[in-house]
Amino acid sequence: MFMDIYAVQNVPPSNINRDETGNPKTAQYGGVLRSRVSSQAWKRAMRETFKSLLDKKQLGVRTKNAVELIVKAMVDQRPESEDQAESYASLVLQATGVKVVASTRAGAASGKPVTQYLIFIGNTEIGRLANIALEWMDQGMDPAKAPDSAMKKEVSGVFHGEQAVDIALFGRMLADAPDLNTDASAQVAHAISVDAIKPEYDYFTAADDFTEADNAGAAMIDSVGFNSSTLYRYATVNLDALQEQIGNVEATARVASVFVEAFIRSMPTGKQNSYANRTLPETCIVAFRDSQPINAVESFERPVVAEHDQPISQVAGRRLVAELRRIQDAYDEQPVRAWAISTDLSTQDLAPVAESVGLKDLTSQVDAETMRVLGQQE
């Protein structure tokens with residue numbers, strides 16, 4: 001069972017996801033230049049939104065400072081372990097296959113043990129590793145020696161079982177520690193604008209507030225790229241795969257509804273203080289499918305333009321509904337259930353493809369439908 005999420009979202013002048021030059025990311029689609037927001041940027045924003053919707057224990061953290069986090073968990077349990085905690089935290093992390101090196105950062109952090117690269121680790125996994133490190137400390141194991149096969153086997157059990165929600169959704173891949181690898185149950189497309197865009201640049205100056213009265217010059221002159229657009233966003237979740245990693249139907253249903261809410265409410269934060277670009281989608285459609293995920297991006301291969309008194313977001317919403325209807329008819333792809341939220345389209349406009357609801361009802365329906373479809377498969 002797959003859960004597809006489609007959204008049309010108007011974004012005013014902004015630079016929420018920058019490329020290597022500092023300008024907004026773009027892509028060619030349908031022969032014209034589009035605004036683009038990478039899937040990585042929006043998944044990061046969703047993970048931040050998860051923090052307000054889920055308990056910390058259900059989530060993970062992406063960091064090089066896993067040793068420090070394990071040390072903190074050890075000391076929180078046993079304050080007297082502080083002197084040896086760092087050595088044993090490094091040992092237990094190395095037993096997973098992750099490489100631990102000395103930090104090259106300047107200042108107080110220089111020489112501290114860190115992982116060689118960012119790792120995605122669950123908060124509960126940190127707690128379990130801390131417990132093992134404390135046991136090894138009590139047993140008098142030598143933290144200077146390399147972990148043996150028995151230690152590696154003990155640590156591997158930490159990562160088998162119920163996964164952190166964000167790791168289960170977005171996956172984890174570590175070439176040096178394959179036992180930690182987790183296939184993502186969610187896929188998030190790069191958001192692209194439904195309309196053609198032209199890059200724009202904001203030239204600005206800054207004055208020195210404390211300078212001579214007759215100094216009319218600027219203390220700083222610069223320019224920054226931006227654009228405004230109406231974005232098409234898409235994501236899909238394999239609910240069966242999600243259940244395998246989360247562990248039970250009730251918890252999976254809760255995660256599915258949280259994913260939908262986070263998808264709708266989240267926004268990457270690039271240059272947000274400069275542009276105050278926070279918006280919500282004008283139209284959002286959620287469909288449960290028992291065949292395959294279906295991205296309806298072809299709705300916007302021909303760039304959208306405003307029509308008469310209809311804004312771009314409204315025209316785009318109508319196009320999305322029409323394309324989903326065509327897919328249903330041409331490929332016999334009738335969704336199991338579908339719901340829609342829209343500030344642009346009427347219930348009648350949405351009726352061919354989805355039931356019109358509000359956000360609270362949407363998340364409740366997603367929860368209930370996930371329970372129903374997954375419960376039938378048990």
Side-chain angles (χ1 to χ4, degrees), residues 4-19 23-39 41-42 45 188-202 225-235 263-268 270-272 274-287 294-327 338-354 356 358-359 362:
D4 285 343
I5 312 175
Y6 311 87
V8 173
Q9 184 163 355
N10 183 281
V11 183
S14 59
N15 185 353
I16 59 178
N17 187 206
R18 287 168 273 179
D19 63 18
N23 293 310
K25 289 183 177 179
T26 58
Q28 288 282 338
Y29 184 69
V32 300
L33 187 67
R34 312 291 183 120
S35 174
R36 176 173 67 92
V37 181
S38 73
S39 58
W42 223 300
V188 180
H190 288 230
I192 61 170
S193 63
V194 303
D195 48 335
I197 61 106
K198 291 182 179 179
E200 299 183 76
Y201 298 90
D202 180 23
F226 71 94
N227 62 48
S228 56
S229 63
T230 298
L231 296 173
Y232 166 72
R233 301 172 54 207
Y234 169 77
F263 182 88
I264 291 171
R265 291 192 179 278
S266 59
M267 171 71 76
K271 291 287 185 181
Q272 191 163 274
S274 299
Y275 292 100
N277 52 259
R278 193 74 183 240
T279 61
L280 290 168
E282 276 65 41
T283 297
C284 183
I285 298 172
V286 177
I294 300 173
N295 187 336
V297 67
E298 64 271 17
S299 310
F300 313 112
E301 185 177 7
R302 176 169 53 87
V304 177
V305 295
E307 297 177 2
H308 307 299
D309 60 343
Q310 296 181 52
I312 287 174
S313 60
Q314 189 173 47
V315 177
R318 293 183 190 279
R319 277 219 211 157
L320 176 59
V321 169
E323 183 61 27
L324 289 173
R325 180 60 185 271
R326 282 192 289 271
I327 290 170
W339 310 269
I341 300 173
S342 185
T343 58
D344 272 340
L345 306 181
S346 68
T347 299
Q348 185 176 353
D349 292 331
L350 296 165
V353 297
S356 185
L359 179 57
L362 173 61

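As the structure is a prediction and not an experimental result, all values here were calculated from the model. Residue numbers run from 1 in the order of the sequence given.
The two residues Thr279 and Pro12 have their closest heavy-atom pair at CG2-CD, 3.7 Å. Looking at every heavy atom in both residues, Leu231 comes nearest to Ser193 through CD2-N, 3.8 Å. The two residues Gly270 and Asn277 make their nearest non-hydrogen contact at O-OD1, 4.3 Å. Scanning all heavy atoms of the two residues, the minimum distance from Tyr201 to Gly225 falls at CD2-CA, 3.8 Å.
No donor-acceptor pair closer than 3.5 Å links the side chain of Glu323 to the backbone N or O of Glu298. A donor-acceptor pair is defined here as one N or O able to donate and one able to accept, closer than 3.5 Å; such a pair exists between the side chain of Glu282 and the backbone of Asn10. A donor-acceptor contact shorter than 3.5 Å is absent between the side chain of Ser356 and the backbone of Thr347. Looking only at distances, a side-chain donor or acceptor of Arg34 sits under 3.5 Å from a matching main-chain atom of Tyr29. When atom types are taken as modelled, the side chain of Asp4 and the backbone of Ala287 share no donor-acceptor pair closer than 3.5 angstrom.
The salt bridge (Lys or Arg N to Asp or Glu O under 4.0 Å) search around Arg18 returns none, not counting sequence neighbours. Partners of Ala41 under the side-chain contact (heavy atoms from CB on, under 4.5 Å) rule, at least two apart in sequence or in another chain, are Asn17, Val37, Ser38, Pro268. For the side-chain contact (heavy atoms from CB on, under 4.5 Å) test, residues two or more places apart in sequence or in another chain that qualify with Ser266 are Trp42, Ala45, Met46, Thr49, Arg233.
Residues Val297 and Tyr234 form no side-chain contact, since every pair of their non-hydrogen atoms from C-beta on lies 4.5 Å or further apart. Here the side chains of Lys198 and Asn227 are not in contact, with every heavy-atom distance at 4.5 Å or above. Side chains of Arg265 and Leu359 form a contact here, defined as non-hydrogen atoms less than 4.5 Å apart. Residues Gln9 and Met267 have side chains in contact (heavy-atom distance under 4.5 Å, counting atoms from C-beta outward). Side chains of Ile285 and Val321 form a contact here, defined as non-hydrogen atoms less than 4.5 Å apart. Annotation: side chain of Ile341 is not in contact with side chain of Leu280 (no heavy-atom distance under 4.5 Å). Contact of the Tyr275 side chain with the Ile16 side chain is not registered, since no non-hydrogen atoms from C-beta on lie closer than 4.5 Å.
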Check: residues 299-308 side-chain donor-acceptor pairs under 3.5 Å, at least two apart:
{"residue": "Ser299", "atom": "OG", "partner": "Ala296", "partner atom": "O", "Å": "2.6"}

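One distance of note links CG of Leu320 with OG of Ser313; it measures 12.0 Å at 0.5 Å rounding. The CD1 atom of Ile192 sits 11.5 Å away from atom CD1 of Ile197, with the distance rounded to the nearest 0.5 Å. Of the inter-residue distances, the one linking Ile5 atom CD1 with Asn295 atom CG reads 12.0 Å to the nearest 0.5 angstrom. Atom CZ of Arg36 is separated from atom OG of Ser229 by 12.5 Å, given to the nearest 0.5 angstrom. Once rounded to the nearest 0.5 Å, the distance linking OG1 of Thr230 with CG of Asp195 reads 5.0 Å. Note that CZ of Phe226 and OG of Ser14 are 9.5 Å apart. Values are rounded to the nearest 0.5 Å.
Applying the salt bridge (charged side-chain N to carboxylate O under 4.0 Å, His left out) test to residues at least two apart or on different chains, none of the pairs has a partner in residues 6-15. Counting only residues at least two apart or on different chains, the salt bridge (charged side-chain N to carboxylate O under 4.0 Å, His left out) pairs with a member in residues 342-353 are Arg318-Asp349.
Heavy-atom neighbours of Gln348 CD from other residues, nucleotides or ligands within 6.0 Å: at or below the threshold of 12.
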